[in-house]
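Notes follow once the structure below has been shown.
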Amino acid sequence: METVKTRKKTIKSWCILAALLTFFLGMLALCGVGVYNDSEQYITMHIHREPLYPLFLAFFRVLWGDGYLTVVAVAQNVLTAVGIWVFAEYIASHFGLRLWEELLVVVIQLVPHLMTRYVSALHIFLENSVMSEALCIPLFHFFLYFLLRMLFENRMRDRICGLVFAFLLSMTRGQMMTTILVWMVLVLLQIMIRKRYRVLWVPVMVVPIIFGLRSLTVHVYNYGVTGYFMGNTYGQVNTLTNVIYASDEEDGEVFGEGSLERDFFERFYAKADAMGANYKYGGDTFAERARHLEEYHDKLKFEILEADMSAYYFGLGKVDYYQQSSMSDEMAGKMLVRLLPACFGQWLYDYVLLCANGFVRSIAVVHPIVSPVAFLFYAVAAALAVGQLWRRKRSDAAWVMGVAFLFIAANVCATSITIMCLSRYMIYGFSLFYTAGFLLVREVCEGNRQTQKNCT
């Protein structure tokens, strides 16, 4: 798939960038900077948060002092505008899009921003907010740009740049570690298609090194901020929350009588049962069960697990917040190893429900009417992509759709392990899926026109 296309930036191209900048900075002027519940954790470099966004905020805080959040919001909006522009320009260049087609691709990139502002429950414009998604979104556009260049042009420079942006994404949000795995899968596919089997070991070796580098960087960052050489905490507490939700009272027997783990479980279960935060109270239908789990996840996590563990470890005396957080995460990990096998069937059922909602939210909104349509869209997109690959020696649009499917599946399945798939976690796949869908439909229509022309 080696096709290196270059296109000089024209007045049309610069006008598109100017329009994007006007739109995003206009939304900032209209809506203002958004500070939410999670914002304080990024500002204070909380141990639960990945390093890159807190450092991004600290950079502007050092340079601008008071009022720096407005400058941060301007930077976020400008980065996003440039990211969309770079991605859309490359798509237009590679696929030979006309002006209206390129503008459609640009609009598709804007739709998720408008949805989170005017459709989602939070009603926030992400690029104005002090949240890591505001940095993740432009980084993701640059990642996609280099990933597609890597696929279509097969240049080492693009492979390296794609991996760098995957690393930066993983340092911004933990769920985006999946981009590293997506990069690896696509590189392996390229190697196998070209039958260069002797170098298959290279991406397989590189990925553990990148994950190790990420872990080391997080530990060094946390040491600099807190004085403790440790990773981000709370991931295992998140995962344990959904396992406790899926548990029955007798599952606590996997822990030894009188053990600390048993004591924790019995208190967790009793309080969850009293609150109704257990699968038994989830309702009869799939939709009711999924909605119930999503409603009670945070309540179960914060009001029961975190509150109980914090009280216990602080009660030991001479334990600061960072030590308590680490101890809680370590205990959650120990409990997971024993408890998950005991309730695996119910946990897996709940996990599938969360994934189903995640797949819907990646391209639509969860609704009794909309959700089946979303899965129909997936089926049609898959059929079109397979059909194009079957009929043509090469279908770049099918490859873009393959990337969309691969990323959405990785993002949904990884996120559902630890937490529910909220729209702001799933937003990244939306524009990629519909961009790929448009390119596929366009390619099919052009193929049909060419066939008719040849017949005449």
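The first residue of the sequence shown is numbered 1, and numbering continues consecutively from there. Quick note: numbers below take in every heavy atom, side chains included, and nothing from hydrogens, waters or symmetry partners.
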Minimum side-chain heavy-atom gap V218-P51 below 4.5 Å: yes
Begin from the C-alpha positions of K299 and E303 and carry the test salt bridge (Lys or Arg N to Asp or Glu O under 4.0 Å) through to its verdict. CA-CA 5 Å; K299 294 178 182 178; E303 297 177 23; over 6 Å; no
Hey, could you give me the CE/CZ distance between M335 and R262, rounded to the nearest 0.5 Å? 11.0 Å
Do other residues, nucleotides or ligands put more than 12 heavy atoms under 6.0 Å from Y321 OH? yes
Quick one, F264 with F255, criterion ring-ring contact (aromatic ring centres under 6.0 Å, His included). Give me CA distance, side-chain angles, the key distance, then yes/no. CA-CA 10 Å; F264 272 131; F255 305 115; 9.9 Å; no
Take E101 and R442, measure what salt bridge (Lys or Arg N to Asp or Glu O under 4.0 Å) needs, and give me the verdict at the end. CA-CA 10 Å; E101 294 172 321; R442 178 179 180 273; 2.9 Å; yes
For the pair F407 and F140, name the ring-plane relationship: parallel under 30°, tilted 30 to 60°, perpendicular over 60°. tilted
Distance alone, cut at 3.5 Å: any donor-acceptor contact between the side chains of D248 and Y279? yes
Note, I427 side chain near E133 side chain (heavy atom, < 4.5 Å): no
Should the ring pair Y434 and F430 be called parallel, tilted or perpendicular, given that the plane angle runs from 0 to 90° and is split at 30 and 60? tilted
Quick one: do F23 and H113 satisfy ring-ring contact (aromatic ring centres under 6.0 Å, His included)? Show the steps, please. CA-CA 11 Å; F23 169 78; H113 297 275; 7.6 Å; no
Determine, step by step, whether V237 and F302 satisfy the side chain to side chain contact (heavy atoms under 4.5 Å, CB included) criterion, reporting the C-alpha distance in whole Å, the side-chain angles of both residues, the deciding distance to 0.1 Å, and the verdict. CA-CA 10 Å; V237 174; F302 292 120; over 6 Å; no
Parallel, tilted or perpendicular for F375 and Y378, by the 30°/60° rule? tilted
Checking side chain to side chain contact (heavy atoms under 4.5 Å, CB included) for the pair F265/R338: CA distance, chi angles, key distance, verdict? CA-CA 11 Å; F265 175 82; R338 301 289 298 278; over 6 Å; no
As a quick check of understanding, evaluate side chain to side chain contact (heavy atoms under 4.5 Å, CB included) for I43 and Y68, giving each step before the final call. CA-CA 11 Å; I43 293 171; Y68 75 98; 3.6 Å; yes
I want to check something: taking the side chain as every heavy atom from C-beta on, are N242 and Y351 in contact at a cut-off of under 4.5 Å? no
Can you see whether Y42 engages S132 through a side-chain donor-acceptor pair at a distance of less than 3.5 angstrom? yes
Y245 OH to D350 CG distance, which is reported to the nearest 0.5 Å: 6.0 Å
So, do T435 and L104 sit near enough that their side-chain heavy atoms are less than 4.5 Å apart? no
Any side-chain heavy-atom pair from F211 and S215 closer than 4.5 angstrom? no
Would the number of heavy atoms belonging to other residues, nucleotides or ligands and lying under 6.0 Å from CZ of F60 be above 12? yes
Just so I know, are the side chains of N278 and Y269 near enough to count as touching, which here means a heavy-atom distance under 4.5 Å? yes
Distance only, no hydrogens: is a donor on one side chain within 3.5 Å (strictly under) of an acceptor on the other, for E89 and S13? yes
Output for pair (L20 CG, N77 CG), nearest 0.5 Å, gives 11.0 Å
Mind checking whether E102 and I16 have side chains closer than 4.5 Å, heavy atoms only? yes
If you count every heavy atom of other residues, nucleotides or ligands that lies below 6.0 Å from M156 atom CE, does the total exceed 12? no
How far apart are the C-alpha atoms of Y425 and R361, what are their side-chain angles, what is the distance that settles it, and do they pass the side chain to side chain contact (heavy atoms under 4.5 Å, CB included) test? CA-CA 9 Å; Y425 303 154; R361 288 197 180 104; over 6 Å; no
Side-chain H-bond candidate by donor/acceptor type, Q109 with T80, under 3.5 Å: no
Between F433 and F405, what is the ring plane arrangement, given parallel below 30°, perpendicular above 60°, and tilted in between? perpendicular
Could you state the interatomic distance from OG1 (T172) to CG (L135), rounded to the nearest 0.5 Å? 5.0 Å
So do the side chains of F167 and L163 get within less than 4.5 Å of each other, counting heavy atoms only? no
Classify the ring geometry between F56 and Y53 as parallel (under 30°), tilted (30 to 60°) or perpendicular (over 60°). parallel
How long is the straight-line distance from CG of N37 back to CD of E40, given to the nearest 0.5 Å? 10.5 Å
Does the side chain of E50 come under 3.5 Å of the side chain of N232 through a donor N or O and an acceptor N or O? no
